[in-house]
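One structure below.
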Amino acid sequence: MEVLKHECGVAMVRLLKPLEYYHQKYGSWMYGLNKLYLLMEKQHNRGQEGAGLACVKLEANAGEEYMFRERAVGTGAITEIFAAVHEHYKDLTPEQLNDPLFAKANLPFAGELYMGHLRYSTTGKSGISYIHPFLRRNNWRAKNLAVCGNFNLTNVHEVFEEITAIGQHPRKYSDTYIMLEQLGHRLDREVERLYQKCEAEGLRGMDITYAIEDQIDLSNVLRRCTPGWDGGFVICGITGSGESFSVRDPWGIRPAFYYADDEIIVLASERPVIQTVMNVQVENIRELNRGEAILVNKKGEWHISQIVEPKENQACSFERIYFSRGSDVDIYRERKHLGDNLVRPILKAVDYDLNHTVFSFIPNTAEVAYFGMQEGLNNYLNKLKKEWIADRSHLLREEELEQILSMRIRSEKVAIKDIKLRTFIAEGNSRNDLAAHVYDITYGSIEPFIDNLVVIDDSIVRGTTLRQSIIGILDRLHPKKIVIVSSSPQVRYPDYYGIDMSRMNEFIAFKAAVALLRDRGMEYVILDAYQKAKRQQTAADGPLVNYVKEIYAPFTDEEISAKMVELLTPAGTKAKVEIVYQTLEGLHASCPEHPGDWYFSGDYPTPGGTRLVNEAFIHYMEEEYLVK
């Protein structure tokens, strides 16, 4: 319903054979480049603001370029960057274009190592200078470094202070750039360590260069940097001499999967993407575990290394509910389970009247949860049928049998996502008027004034689309009651590990809790929480506490949901409206391997998350609440 800006996507390709091998077997020396394109395009959902790629050509001669990069901004960035790459090949003869040896010697992006990135800004900053990969140049091939990542750090300031304390002077205050400089500095030190070692062994000139490139160990670099990073991350990097790495945070917040055989190594943010692009079975794809890195050296030898001691599993549950593609075998099953969990509260909301209730979903990401809800409702209905037949088996008449057999779950495609109208409208009234038409409805799909209408969505965060579009447009069908169902629990807290939701006033759950406190003369709870957060902010040490939890503590989930309905229902709505949410227990039962739930529970896995949520609350109080 509400588009959340969220995690970026990463993709890596390392060819393990010469280009002519792929040309002979697959018909093109562009095999690796094509695989990168597919890995990125099939993760397009993870990047709408820009994309970039980097390439390293192994064994280039001195004086020849060996590291290439292309970046672009906008929703069409993937197409643009690959079109720019192919622009280099447009004037070639057919013989040149089909000659892998010519390509290797002469053409840009004709390499063995590729890295791609899809960007979703979590900071609000945009423009080509913020598009990954970031590149750090040097005359030593092994000291050239390109990095990209799916991440958000909560302690950028501390990392900045650490690298400036040793004499570095970053040119930008950006988390990616600061990480690039930190990693680059440690890479410099690793190369210099090997230089001294090789020189002591009597090596000179290019022999030292080759010896360094054969011995460099990027795990040394990562072990000096990653333990100081607070947040969720998958960071990928490639060097000019052909080494590569991808490292995952020790809590497992951000996901990464890889596949390797004797021809290729690939890595991506989502598992089904690798399945489709490489045409391999799910059991052949592995997940990078918490705190692990996959490292590939110049020779193409790879191994997994434990870079940081793994912490408690906090894999992101929102990844399963919303962000990742539903085509993953486990995610598909989990989303169906989320829908099935909601059957009982839905039945209660419609007073168990299935004969006069139509079920639908908000396109398109809630569709799988809708299938699970349908299955659960059908199981409930089948149970009713069996009980009815068992009670009447000795005197069941034909008309009663017909009645039993005709009992069904009424499903319709009620809501249709029509067109996007918000991108070019700034003026408030016009924007709100147009926003009301983002969705359309299927007229005649319910019986006016008789039927209830139940629609399921994957999340309700801000509630803007509900208020401006969904409820009003559904009310045009004249249902007796509208039940909005969220397959995720109430989103109550900001996320600081990748999702673009960081201000307290963005959350309709928070607004509802504050409104309830005001309604009941309990504003002292808000002020008390603010004072506690302020005292903690200036305290030198001690455990960090999320004081925003105190805003929600006096109320049940149902009370907050009821207040949300009051805040979100447009004036003039004729139907009664109710919102039904997934419970935290239901979430964890559905996604048992992904327990990270801080945006629902307020239980942040890292100190940085707790510190930032209190800062967001303090900002809200001082910028909005106290000035009113």
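Here, residue 1 is the first one in the sequence, and each next residue gets the next number.
Contact of the R320 side chain with the D328 side chain is registered, since non-hydrogen atoms from C-beta on lie closer than 4.5 Å. At least one side-chain heavy atom of H44 sits less than 4.5 Å from a side-chain heavy atom of I78. Here the side chains of K511 and V514 are not in contact, with every heavy-atom distance at 4.5 Å or above. Within the 4.5 Å cutoff, no side-chain heavy atoms of E292 are placed close to those of V308. Using a 4.5 Å heavy-atom cutoff, the side chains of T239 and L218 are in contact. Between D330 and R271 there is a side-chain heavy-atom pair separated by less than 4.5 Å. Contact annotation: the side chain of S487 never approaches that of F361 to less than 4.5 Å [non-hydrogen atoms, C-beta and beyond]. Within the 4.5 Å cutoff, the side chain of M179 has no heavy atoms near those of the V147 side chain.
A donor atom on one side chain and an acceptor atom on the other are found under 3.5 Å apart for Q490 and S561. For the residue pair N546 / T610, no side-chain donor-acceptor distance below 3.5 Å is found, with atom types taken as modelled. Side-chain contact, H185 with R189: a donor N or O sits under 3.5 Å from an acceptor N or O. In this model, no donor atom of one side chain and acceptor atom of the other lie less than 3.5 Å apart for S486 and D457.
Within a 6.0 Å sphere centred on CZ of R286, heavy atoms belonging to other residues, nucleotides or ligands number 12 at most. A 6.0 Å sphere centred on CZ of R224 holds no more than 12 heavy atoms belonging to other residues, nucleotides or ligands. K42 NZ: 12 or fewer foreign heavy atoms inside a 6.0 Å radius. With a 6.0 Å radius and a threshold of 12 heavy atoms from other residues, nucleotides or ligands, E312 has its CD atom at or below the threshold.
Ion pair E622/K534 flagged as a salt bridge, since at least one NZ, NE, NH1 or NH2 atom sits closer than 4.0 Å to an Asp/Glu carboxylate oxygen. Comment: R136 engages D188 in a salt bridge, judged by a side-chain N to carboxylate O separation of less than 4.0 angstrom. Contact check on E190 versus R186 returns no salt bridge, with no Lys/Arg side-chain nitrogen under 4.0 Å from an Asp/Glu carboxylate oxygen. Taking 4.0 Å as the cut-off between side-chain N and carboxylate O, D249 and K311 do not count as a salt-bridged pair. We find that D528 and K532 are joined by a salt bridge, their nearest charged nitrogen and carboxylate oxygen being less than 4.0 Å apart.
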- [ ] Test R503 against E506 for salt bridge (Lys or Arg N to Asp or Glu O under 4.0 Å), laying out the working first.
- [x] CA-CA 6 Å; R503 297 173 63 86; E506 292 184 312; 6.0 Å; no
Open item on the list: Set out, in order, the CA-CA distance, both residues' side-chain angles and the distance that settles side-chain contact (heavy atoms from CB on, under 4.5 Å) for I460 and V491, then state yes or no.
Closed with: CA-CA 7 Å; I460 302 168; V491 181; over 6 Å; no
- [ ] Decide side-chain contact (heavy atoms from CB on, under 4.5 Å) for V221 and F245; before the verdict, give the C-alpha distance in whole Å, the side-chain angles of both, and the deciding distance to 0.1 Å.
- [x] CA-CA 10 Å; V221 174; F245 71 85; over 6 Å; no
Open item on the list: Does N150 form a side-chain contact (heavy atoms from CB on, under 4.5 Å) with L118? I'd like the steps, not just the answer.
Closed with: CA-CA 9 Å; N150 170 16; L118 302 109; over 6 Å; no
Task: C148 and F134: CA distance, side-chain angles, deciding distance, side-chain contact (heavy atoms from CB on, under 4.5 Å) verdict - done: CA-CA 6 Å; C148 70; F134 277 29; over 6 Å; no
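The two residues M12 and G237 have their closest heavy-atom pair at CE-O, 3.7 Å. The two residues Q43 and A11 come nearest to each other via the heavy atoms NE2-CB, 4.1 Å. Here the closest heavy-atom approach between residue N614 and residue A533 is recorded as OD1-CB, 3.9 Å. When all heavy atoms of T154 and G608 are compared, the closest pair comes out as OG1-CA, 3.2 Å. Across K563 and A515, no two heavy atoms sit closer than the pair CE-CB, 3.6 Å. Annotation for L222 and P227: closest pair O-CD, 3.8 Å, computed over non-hydrogen atoms.
Ring pair F510/Y493: centre-to-centre distance not below 6.0 Å. For Y599 and F318, the ring centers sit closer than 6.0 Å to each other.
In terms of modelled atom types and a separation under 3.5 Å, the side chain of R492 and the main chain of A509 share no donor-acceptor contact. A distance-only check finds no donor-acceptor pair linking the side chain of E523 to the backbone of L517 [under 3.5 Å]. The backbone N or O of Y547 lies less than 3.5 Å from no partner atom in the side chain of E550, so there is not a single donor-acceptor pair. Of the possible polar contacts, one joining the E270 side chain to the R325 backbone as a donor-acceptor pair under 3.5 Å is found. Looking only at distances, no side-chain donor or acceptor of Q582 sits under 3.5 Å from a matching main-chain atom of L342. Side chain of N341 to main chain of G586: a donor-acceptor pair is present (N/O by atom type, distance under 3.5 Å, no hydrogens or angles). No donor-acceptor distance shorter than 3.5 angstrom exists from the side chain of N155 to the backbone of E158, with no hydrogens or angles considered. At distances below 3.5 Å, at least one donor-acceptor pair connects side-chain atoms of S601 with backbone N or O atoms of D603. Between the side chain of S244 and the main chain of I238, no donor-acceptor pair closer than 3.5 Å is present. Using a distance-only test at 3.5 Å, with no hydrogens or angles considered, a donor-acceptor pair links the side chain of N152 to the main chain of Y496.
The distance from the CD atom of E49 to the SG atom of C8 is 8.5 Å, given to the nearest 0.5 Å. Here the CG-CG distance, from N220 to L295, works out to 10.0 Å after rounding to the nearest 0.5 Å. Between the CG atom in L267 and the OG atom in S246 there is a gap of 4.5 Å [rounded to 0.5 Å]. In this structure, CD1 in I471 is found 10.5 Å from OG1 in T465, a value given to the nearest 0.5 Å. Between the OH atom of Y322 and the CG atom of D458 there is a distance of 6.5 Å, given to the nearest 0.5 Å. Between the OG1 atom in T606 and the CD1 atom in I253 there is a gap of 6.0 Å [rounded to 0.5 Å].
Relative ring orientation between F233 and W229 is described as perpendicular, the plane-to-plane angle rising above 60° on a 0-90° scale split at 30° and 60°. Between Y497 and W598, the ring-plane angle classifies as perpendicular under the 30° and 60° cut-offs.
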